[in-house]
Every structure is written in C-alpha cells, then in structure tokens.
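Worksheet: one structure, shown below.
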Protein chains: 2
Amino acid sequence: MTSTNLDISVDCVVFGFDGQEVKVLVIEQRPQVGVSKTQLALPGDLVRVDENLDDAAQRILKELTNLNGLYLHQFKAFGDINRVSDFKDQEWLRAFRTNPEARVVTVAYYSLIPLEKYKPQASSFAGHVEWRSIDSIPDLAFDHNKIIHEGLNALKRDLDAVDLVFELLPEKFTLTQLQTVYEQILDKELDKRNFRKKIKSLGRLKALDEKEKDVDHKPAQLYSTKS
Amino acid sequence: MTSTNLDISVDCVVFGFDGQEVKVLVIEQRPQVGVSKTQLALPGDLVRVDENLDDAAQRILKELTNLNGLYLHQFKAFGDINRVSDFKDQEWLRAFRTNPEARVVTVAYYSLIPLEKYKPQASSFAGHVEWRSIDSIPDLAFDHNKIIHEGLNALKRDLDAVDLVFELLPEKFTLTQLQTVYEQILDKELDKRNFRKKIKSLGRLKALDEKEKDVDHKPAQLYSTKS
DNA sequence: TCAAAAGTGTTGCATCTACACCCATGG
DNA sequence: CCATGGGTGTAGATGCAACACTTTTGA
C-alpha cells in the first residue's frame, strides 16, 4: 500500500422532518486526546479505494450515524485546494488521518428522512449526533456550511420531482405538515387553499380513516402516499 | 512525490452548435507506439494535486483542444470502481499513466459554444478533434458515453436558466436556429408560433437591422441578445 | 366560550396549446 | 412559377394567485 497525496471523501447532508421543522443532521467529530476541542461536521469520511461512491456514502452514513438504506442523491463535488486546510481543521486531521496534508476532494449527497422513522445514533467514531434547524446551522468543520447551503439549493431545484418530498414525511401525515416541508425548503409562504388544490391534483395522496390525536384543536385528516 | 492509487480527473462535455445541429466535441486519444488503435474520448485528464477542479477543467480543455475561457458547468462526479478498467481502455492507460491501475474518479463538466466563434484544435496530446452530432455518438473510451448522456440530462434540466442557451448561439442568429437548439436538446418538436411568443416575452432579444444572406428562400431576420 | 388550527370555492389573470395561411427570396 | 423556409394571430383550456369565513376540538 502506497501513501497518497489526494483523497476522495463523501459527505452526507441528511435532511430530517419532525412534523414541525426541517433539520440537518450534524455529528460531533470524534474527539481524542491532544485535540483541544471538537467541532461539528457533516457525516462523511474517506472513500475506500475499492468502493463505489454511492456505496461509500451508504457505508459511511451507516458507520457514523447508524442510518441504513436511505436514498442518497449526489449533488456536487467540492474540490477547492484549501477546503480542508483551514487552521481550525488541521489539528483534527493530524490526529485522525494517515495523510493529514493530503488534499481531499469530496462528493456530496443529500438525503431525506422522517425523524420518527429513523433514529440516528452516534457510533464510536462520532461524539454524538444532533439535528439542527436549517435556519440555525452552527459553524461546521471544513467547508461543510457551504456544502449544506448548496445541498439546500439542489433540494429546492429537485423538489418537484415526484415522491422526493415524501421521503421526508412519516407514513401518516397531515396536509399542513406537507405544506410546512415545502415552505421551509423553498423558504417562502404558500397559500393553504392553493397548495391543497395542487397537491390533491397530483393524485398521489390517500386519505386515511384516521385523524390526528392529542392536539388541542380540531384534529387534521391523516394521509399517506398512494400505492 | 509518492505514488498514488486514486486519481481525480475532469472530463468536459462540450456542446457546440453550427447553425443546424447540436454536436459534442470528442478527441482522439493520443496514439503511441505499442498501442494498437486509438479511441475517441471526451477531453479530460488528471487534476493536479494543487489545482482547483474548475481550474483543472479550464486548463485541460485548453491543453487538449485549445478552447479557452468557456463557461464550464459541473454536473456530476463519476466514481464507479471499474469505470476505467475495461479491456479496451487498459492498453491506453498503461501507455500514458504513471499509475494505470489506479482508480480514477472523474468530475464532469458541460459547456456550450457556437462553432463559428470557437475553433478547437487538437494539441499534440490529442490525435484530432471531432464534432459528433448528439444523436450519433460513437463508442467512446471509458464511461464517456454515459457521461455525455448524463450531461445532456443536466443540460435539459438547466436549459431554462436565462442565458444558458445563448452560450451556444453565434452573435447573430435567427429564431429558427434558436428553436432548433431547443428542439435538439429537449429532443422534441416545438410549435413555431408558440415558441416565438415565449422567446419574445423573455425580452432578451434584439432584432438587428440585418437579414440572413445566401439562402435560397426568404431570408430570416437576425437577432442578438440584448445589452 | 375561547383559542387554535382545519378545512373549503370562486374569480380574474396569465400562460399554454392547437392550429393554417401568406410572404419573400433564389433558382 | 416553383420550392423553400420565414413569418404571423386567435380561441379554448389549463394553471396560478388572491382572497375570508366556518368548523371542530381541547382547555
């Protein structure tokens, strides 16, 4: 095995919806003696030399957060020379990478999940995992803030693709929840009546024989996706 | 300098329009003694370790085809393990690469140019350059047919972005030429009157005091883009 | 009975589609 | 005068935006 001066990684922007808010999953970079303080980062790691990019993304997400079998949508490669050479990142790299000086090109993926269905758990390689609302993302390691920003742009662009949005929603959901997802991703308010007309005209929804429970107002009709 | 087992390359899908047809630029892989036959391929090469991806794409395109300063739109990374290990490709790699066994992840870009304005010229690293109509692409090296296919999809998706399509057109063009570009990229016929209405409503066109010349039918009005 | 969110229709406007004939030019 | 592509308008359908009140429930 020879050493390398260029590495490929993948980073995953996992969007989650808890019924109220769209959030992004960040992890605490694994801490270690000699590293002064931990940072938050996207789940990501180096791609193995004998591993497809898509497989690497699946593996790494599983290893770091225990999330398995998500749909991962590749959206962009980030390869600026200095994307990992910021002072704040070098200490960590020296502690954990065989070639901390290596340039790293990363291929970024986004994914959508309902929080109630998936429970990410930090592996031993990550301090902990944390959901952060998309409008209060803290400072992250490397260029991960930029990656999230571009991931959101890609998601906005792709949102009309049928069934993409349903990846975020739980099995049973209300129309208000669906609208909330759209509003938060597109970052603008939508008209309730117009929204419902449009959604229903897609013919992808099935009204269930069931209503919301334990709310202190009129309970909403629950829906699931058809077929 | 240590040897590496993983390389990054860029590949460029250059779309060109000659007034009639949308074409893709392919080059002949540089031939050499001991390599039985040449193949056609996209212009592409390894990224230097100290070079941004976007810069590498510019440099490589310049080096191989003498095309300079194009807008390059990154659209996807291709990283299947075996994307360069096909039998037809190995001979060439052994002749030209320091690490012919290395895995290569490529970042793909597309670009649009009017043929009349840019004259690509094969460098010594390329046998020759060739424009191929997008519906008769020959078998290319590596996974380059797939890359073109996905590049076209990205272009379809992006085509509505203002000014993208104008990158393909010469300074002066007719509305029929503009429509032809749309039809070929979207791969469907458009209605002439509806198309013209839509285009004119964009307000991006300026009618020139000039008409087509040397055609054996009614000469068309020439337009350029506004401002 | 109050608060809070659910649910529901209409109208005007803009946009899209389908469609057919005359015009200007060169050969 | 013929062949070729250039150029033009209308009507119907569809889709989008704006807009406010009543209902159901739990507290």
For [X], which residues count as a side-chain contact (heavy atoms from CB on, under 4.5 Å) partner, sequence neighbours excluded?
X      : answer
B:K188 : B:L186, B:L190
B:N82  : B:S85
A:D89  : A:Q39, A:D86, A:A141, A:F142
A:R193 : A:D191

Item checked: Sequence-aligned protein contact record of nucleotides 22-27 of chain C, with B where the base is within under 4.0 Å of a protein heavy atom and S where only the sugar-phosphate is -> -BBBSS
Check: Tell me, which pairs form a side-chain hydrogen bond (donor to acceptor under 3.5 Å, both in side chains) where one or both residues lie in residues 103-113 of chain A, sequence neighbours left out?
Finding: A:S9-A:T106, A:D11-A:T106, A:D54-A:Y109, A:Y110-A:D158
Checklist line | DNA chain D contacts made by residues 184-204 of chain A, counting heavy atoms under 4.0 Å | finding: A:D191, A:R193, A:N194, A:K197
Notebook entry, point to check: Atom CG of B:L175 to atom P of D:dG5: distance rounded to whole Å?
Noted result: 17 Å
Check: Separation of B:Q177 atom CD from D:dG7 atom P, in whole Å?
Finding: 11 Å
Quick one: list whatever passes salt bridge (Lys or Arg N to Asp or Glu O under 4.0 Å) with [X], sequence neighbours left out.
X      : value
A:D143 : A:R83
A:E21  : A:K23
A:E150 : A:K76

Check: Under 3.5 Å, side chain of A:S201 to main-chain N/O of A:K198, donor-acceptor pair present?
Finding: yes
Check: Is B:Q221 touching bases, backbone alone, or none of the nucleic acid, heavy atoms closer than 4.0 Å?
Finding: sugar-phosphate
Side-chain donor-acceptor distances from residues 112-128 of chain B under 3.5 Å, at least two apart:
{"from": "B:K119", "atom 1": "NZ", "to": "B:L115", "atom 2": "O", "distance (Å)": "2.9"}
{"from": "B:Q121", "atom 1": "OE1", "to": "B:N66", "atom 2": "ND2", "distance (Å)": "3.4"}
{"from": "B:S123", "atom 1": "OG", "to": "B:E63", "atom 2": "O", "distance (Å)": "2.8"}
{"from": "B:S123", "atom 1": "OG", "to": "B:F125", "atom 2": "N", "distance (Å)": "3.0"}
{"from": "B:H128", "atom 1": "ND1", "to": "B:E28", "atom 2": "OE1", "distance (Å)": "3.0"}
{"from": "B:H128", "atom 1": "NE2", "to": "B:E130", "atom 2": "OE1", "distance (Å)": "2.7"}

Notebook entry, point to check: Bend across the helix from C:dT1-D:dA27 to C:dG27-D:dC1, to 10°, with axes taken over 5 pairs at each end?
Noted result: 0°
